[in-house]
Amino acid sequence: MAIFSKSNVPQFSVDVYQNEYLPEGGREVNAVVTVTATGGGTIGSAVAAPHLYSPGEGPSAAVVLMVDCSGSMDYPSTKMRNARDATAAAVDTLRDGVHFAVVAGTHLAREVYPGEGGLAVAGPDTREQAKQALRKLSAGGGTAIGTWLRRADRLLASADVAIRHGILLTDGRNEHESPEDLKAALDACAGRFTCDARGVGTDWEVKEVTGIASALLGTADIVADPAGLAADFTQMMETAMGKEVADVSLRLWTPAGATVTFVKQVAPTVEELTGRRTEAGPRAGDYPLGSWGDESRDYHLCVEVPPAAVGQEMLAARVSLVIPHSDGSVQNLGAQGLVRAVWTDDLAASTSINPQVAHYTGQAELAEVIQEGLDLRKVGDMDGATAKLGRAVQLASASGNADTAKLLAKVVDVVDAATGTVRLKAKVEEADEMTLETRSTKTVRVKK
């Protein structure tokens, strides 16, 4: 384990978990890499109190809050009121000195505060002014989320800060621009800021909201009851205020003849990173990990190496943490881990599966079969849906993923969790199905 230490930033460490032994001629090497940052703004699940820093003491940051103000936010009328209150609560949670703005999103993107293409600096006066402006928000118009994101990007780019973050709330489908327009906006914004996305109520499209969060390395969730928005927005903003280091990348070097099969985040959520690789010199590539506070995440990587004879060994991959800069320079965070391959004729050694690798292979399958099961249910393939969701119940039970098991139990009647024997419920609340779909990628850490 290697540690990076510098004042005012977290210390990063890397731990590698694997079974390095392969049978003669074996090629596939799997490893789980745990990246941990300590000494940042959050301690476990507790978050540093807002306003803990004086201006300039905390990490420089900018946040744009994008609030859906389309016509559907008036049905019921409490939805718009709860959105205003939630945004006000988030503004109250801003640390002094943080740059911020509020955007009202419809088929256009209107700057509610401070306006004129700029950002305000959080303090007692500006927080109060922002809350006054929020009271004037009303619903009317369509939904074009890509427009909101592009406006947020322009606003965030106007500040010379280390951390750039967005918070996006929507209650409906992105009906006033094409999927291609939204994808183009996400491609333009990716790597420029991170963004948490929330769907309120049940009239929005899960894949749109989770796709936004995935592309911008943020979190996605459902707030089925608008009354829960204030608590959720406060928690999101507290977490954002705990971030200390932006644009961290996992750099993976592999030797000649080796190829990377996949790289994916497996905790706290499953997130595919393979296709996000950017080349970083001979046989090396960078995979974006987003912004970090005091936290730990797990990554599963698979490398295919050239086959070898019994008794040989090689370095299959070297993992390090870096911050690439736009000028081509790289800040090395000092944390490094090695993935090895050793060929053996010991059958017990070469067939043993590392517990971390086995656990997260199951968690990734769990997320996949939930999505597949729900998709099959929507198109009326009840037998296929039953089989997939039954497998999900089995995996959730075996891995101790109690939260996902509870969500599954609202969609299926569990006959035998150990064997995955289930029956589809005849009637399922839409909010329960959307919650399961939205949270399907959430995982539990491997049991030590």
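Here the structure is a predicted model, which is why all the values come from computation and not from measurement. These values consider heavy atoms only, across backbone and side chains, with no hydrogens, waters or symmetry-generated copies.
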Task: Residue among D171, D68, T219 satisfying side chain to side chain donor-acceptor pair (under 3.5 Å) with R198 - done: T219
Do the side chains of [X] and [Y] get close enough for a salt bridge, i.e. N-O under 4.0 angstrom?
| X | Y | value |
| --- | --- | --- |
| E433 | K425 | no |
| K243 | E295 | yes |
| D203 | R173 | no |
| D92 | K131 | yes |
| R127 | D96 | yes |
| R277 | D286 | no |
| K264 | E271 | no |
| D381 | R377 | no |
| E368 | K388 | no |

N/O donor-acceptor pair under 3.5 Å between [X] side chain and [Y] backbone:
| X | Y | answer |
| --- | --- | --- |
| N82 | T78 | yes |
| T239 | Q235 | yes |
| S329 | H325 | no |
| W148 | L168 | no |
| T93 | A89 | yes |
| T438 | D221 | no |
| E177 | I145 | yes |

Above 12 or not: heavy atoms from other molecules or residues under 6.0 Å from [atom1] of [X]?
| X | atom1 | result |
| --- | --- | --- |
| K378 | NZ | yes |
| F262 | CZ | yes |
| E272 | CD | yes |
| K79 | NZ | yes |

- [ ] Only counting residues at least two apart or in another chain, list the ones meeting salt bridge (charged side-chain N to carboxylate O under 4.0 Å, His left out) with D383.
- [x] none
Quick one about [Y] and [X] (side-chain donor to acceptor, distance below 3.5 Å, no hydrogens or angles considered), yes or no?
| X | Y | result |
| --- | --- | --- |
| T194 | H165 | yes |
| N401 | S399 | no |
| T34 | D298 | yes |
| T36 | S296 | yes |
| D74 | S77 | no |

Validation row: [X], [Y] side chains within 4.5 angstrom (heavy atoms):
| X | Y | answer |
| --- | --- | --- |
| L229 | R84 | no |
| S60 | D160 | no |
| Q336 | V319 | no |
| L301 | V33 | yes |
| D375 | K207 | yes |
| L436 | I370 | yes |
| N174 | E205 | no |

To the nearest 0.5 Å, what is the distance between [atom1] on [X] and [atom2] on [Y]?
| X | Y | atom1 | atom2 | result |
| --- | --- | --- | --- | --- |
| Q265 | Y287 | CD | OH | 15.0 Å |
| L395 | T404 | CG | OG1 | 10.5 Å |
| S249 | L321 | OG | CG | 9.0 Å |
| L182 | I212 | CG | CD1 | 5.5 Å |
| L216 | F193 | CG | CZ | 5.5 Å |
| C195 | R164 | SG | CZ | 14.5 Å |

Which atoms form the tightest heavy-atom contact between [X] and [Y], and what is the distance?
| X | Y | result |
| --- | --- | --- |
| S70 | G142 | CB-O, 3.2 Å |
| M66 | G166 | CE-CA, 4.0 Å |
| L408 | A396 | CD1-CB, 4.2 Å |
| I353 | A358 | CG2-CB, 3.6 Å |
| R150 | A188 | NH1-CB, 3.8 Å |

Task: Any residue meeting side-chain hydrogen bond (donor to acceptor under 3.5 Å, both in side chains) with R110, in chain and number order, not counting sequence neighbours - done: none
Open item on the list: I need the single residue from L217, L250, V245 that forms a side-chain contact (heavy atoms from CB on, under 4.5 Å) with L289. Which is it?
Closed with: L250
TODO: Show your working on salt bridge (charged side-chain N to carboxylate O under 4.0 Å, His left out) between E111 and R151 and close with a plain yes or no.
DONE: CA-CA 9 Å; E111 295 170 29; R151 180 61 59 91; 3.3 Å; yes
Open item on the list: I'd like to know whether D247 forms a side chain to side chain contact (heavy atoms under 4.5 Å, CB included) with S291, so could you lay out the CA-CA distance, the side-chain angles of the two residues, the decisive distance to 0.1 Å, and finally the verdict.
Closed with: CA-CA 6 Å; D247 303 325; S291 300; 5.6 Å; no
Open item on the list: Does R439 form a side chain to side chain contact (heavy atoms under 4.5 Å, CB included) with L407? I'd like the steps, not just the answer.
Closed with: CA-CA 9 Å; R439 298 178 184 174; L407 295 175; 4.0 Å; yes
Task: Pairs satisfying ring-ring contact (aromatic ring centres under 6.0 Å, His included), at least one member in residues 80-134, at least two apart - done: F100-Y113
